[in-house]
Amino acid sequence: MRLPRLFRTTPFRLTLLFLALFAAAASAFLAYIYIATAGEVTMRAEARVTREMASLEAVDRAGGLAALNQAVIERSSVDHPLLYLLMSRDGRPISGSIGASPTIGFTGDRTWTSFQLTDKGPDGGSVRQPARGLEERLPDGLRLFVGADIGESEFFVSKILRALWGAGALMILLGLGGGLMISRDVSRHIASLVHVIDAARGGDLHVRAKVRGSGDEYDELAAGLNDMLDRLERSVGGLRHAGDAIAHDLRSPLTRLRARLEAAMIDAEAGRTDANAALHQALEDADGVLRTFNAVLAIARLEAAGDAPAQTVFDPSDLAASVAELYEPLCEDKGLEFQLQASPGLRLKGNREFIAQALANILDNAVKYTPAGGAIMLRVRRRSSGDVEISVTDTGPGIPGHDRTRVVERFVRLENSRNAPGAGLGLSLVAAVAGAHRGQLELDEGPGAVDGGGPGLRVALVFPMAS
Amino acid sequence: MKLLIVEDDLEAARAMVTGLSERGHECVTAPDGEAGLKTARDNRFDVLIVDRMMPRMDGVTMVETLRGGGDQTPVLFLSALGEINDRVAGLNAGGDDYLVKPYALAELQARVEALSRRREMGSVQTVLKVGDLEMDLISREVRRAGVEIDLQPREFQLLEFLMRHGGQSVTRTMLLEKVWEYHFDPQTNVIDVHISRLRSKIDKGFERAMLQTVRGAGYRLEA
């Protein structure tokens, strides 16, 4: 049989478990109360009987049989809660409020007996009540029995018990009701979260769980879920953006390649050019498209990745020295003075290959745009803020202030660089590398006008220090 | 040389066969990893060219299985996956070189020929010789026709690589990867400048230039 959904919820099951535990504890508690109360009632009755027995014995010692008989008769006649029976040596009753001793097998010692007392109830019928009695042999050989009715006390105990059972039943009912309510409340919250998850699974990444601001566990869960969805949405958005960017970025070089092939075909058919030369040109163009594609892909991946993969801790001065070693002969060939200034003992956490490539791109630009006779300086230092700065300063024409943010965008090539080779992706990649290391790319004016050149450019990669 | 090309893109495989046959190599093709594994086990090849992503059995698994069986034939991985991690995974699986698609035919030719040489150099050499050029790897001395040539450490490494592949074309990318250990493409021809410096040291004053530029491919050190 399948229970309704509500009864299958975890809180409801917990409620049932809790109630079962509570019922067990309550039963044990009730049993203890019963035993303790009943014991107390019997003890009190016995104490009363013992006191009465002692008082009658005192009467016997002082006044003899006549006085005792008189006292028993007196005490039996008044509406007294105790029962009395004075008996002869062989147990025949002499006086008292009951007809026969309930003691079975009296041996002559003080003997306690529990017995049932039949009494007339208020409605005329007979009521049996429990009683407790003591029988004793007096010094002169007569036997005396004193008993106490404990029925009334028992009646109270049973009343208390009934009240307790009633309270228990009420509690179980309330517990079940409360459990159901809590279960419904939990189910409602969980259902709203499940609804959000279902929607997200269905592809809707805009849904968010409601956070009521109560700061409870549901809010925490909802906030966590929302945070996860935020990240997922950003990441998916980033990928989509990267895809769009690649499609857009490749369309123009491919269009160019196609146009050139078409023109070459027409030219070759008309006999104006050699088809072979057109093929060579097309191959070079295709290589160019592939280079562009690789660069765009690398940029898009870095932008989408968040943090650069495969990060290690290394000395940025080592890296700079290695890249400088690669570029130094090129500078010399172009008649540029090259200088490396590296502080020792720095540590940088990042992807060595990406940072090397970023630095190579910056140096590429510096060599490309600085006229012969100029200078390039590569510097690695720790800023007072603790950040690690890798900068390249040249004495080339520099980039006007208003263009500095623009050159970082993809495919932006400034007017005076039109005739230099390149696709305008170098600095975009540098910026993406900086971003993937939570760093910054800074473009500034260089050393100013020098020998008719200048004002120069300072490109700095700033990385947070490795912890 | 006898080559096995394991590639599921038949068009690409055909282009490879054309390009490599032209260089005088004998090529056998296999369309997937399973077929490639079988062919590689049943025959002796000088170099295996293995695509990474293939149906039935991918290239990495194929090469791992092959290496597990003790086969040490040099392997060149081809892959559209060019990230550093992919490269490392390929080399860890037992690949000897890794070429990212798309590639120029000259690059493929140069790398395949460089790999075939690798096996011949199993024994440790202390002196490299190409023509009248001699390199002592222990004393780190270089002589041409008995005349000592003074080289910077990087120039020495560059020449060592060229000498180990004497007579073969090596591309700029190969030099950047194997000598400088960078896997990116600088926009300017930084390598050319290093080569021309080295050339001025080893060829200057000699009648015959050993360090040749191979058009469309790279460089070659001729005996």
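All values reported here derive from a predicted model rather than from experimental measurement. Throughout, protein chains are lettered first and strands after them, A, B, ... in sequence-line order, and every chain is numbered starting at 1.
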Requested in this report: State, to 0.1 Å, how close B:Y182 and A:V323 come at their nearest heavy-atom pair, and which atoms those are.
Outcome: OH-CG2, 3.3 Å
Query raised in the report: What are the two closest heavy atoms between B:H194 and A:E325, and how far apart are they?
Result: CE1-O, 3.3 Å
Using a 6.0 Å cut-off, check whether atom [atom1] of [X] has over 12 heavy atoms from anything other than its own residue.
{"X": "B:R208", "atom1": "CZ", "value": "yes"}
{"X": "B:R143", "atom1": "CZ", "value": "yes"}
{"X": "A:E337", "atom1": "CD", "value": "no"}
{"X": "B:E177", "atom1": "CD", "value": "yes"}

Euclidean distance, [Y] [atom2] relative to [X] [atom1], rounded to 0.5 Å:
{"X": "A:F354", "Y": "B:H183", "atom1": "CZ", "atom2": "NE2", "result": "12.5 Å"}
{"X": "B:F184", "Y": "A:E353", "atom1": "CZ", "atom2": "CD", "result": "6.0 Å"}
{"X": "B:E181", "Y": "A:R352", "atom1": "CD", "atom2": "CZ", "result": "9.0 Å"}

Requested in this report: Select, from A:D333, A:V367, A:L326, the one with the greatest count of heavy-atom pairs under 4.5 Å involving chain B.
Outcome: A:L326
Query raised in the report: Going by heavy atoms in the side chains, are B:V193 and A:Y327 under 4.5 Å from each other?
Result: no
Requested in this report: With A:L330 as reference, evaluate B:N189, B:V190, B:D192, B:I191 under the side-chain contact (heavy atoms from CB on, under 4.5 Å) test and give the passing residue.
Outcome: B:V190
**Report entry** Interface moiety of B:Q152 toward chain A, non-hydrogen atoms closer than 4.5 Å
**Finding:** neither
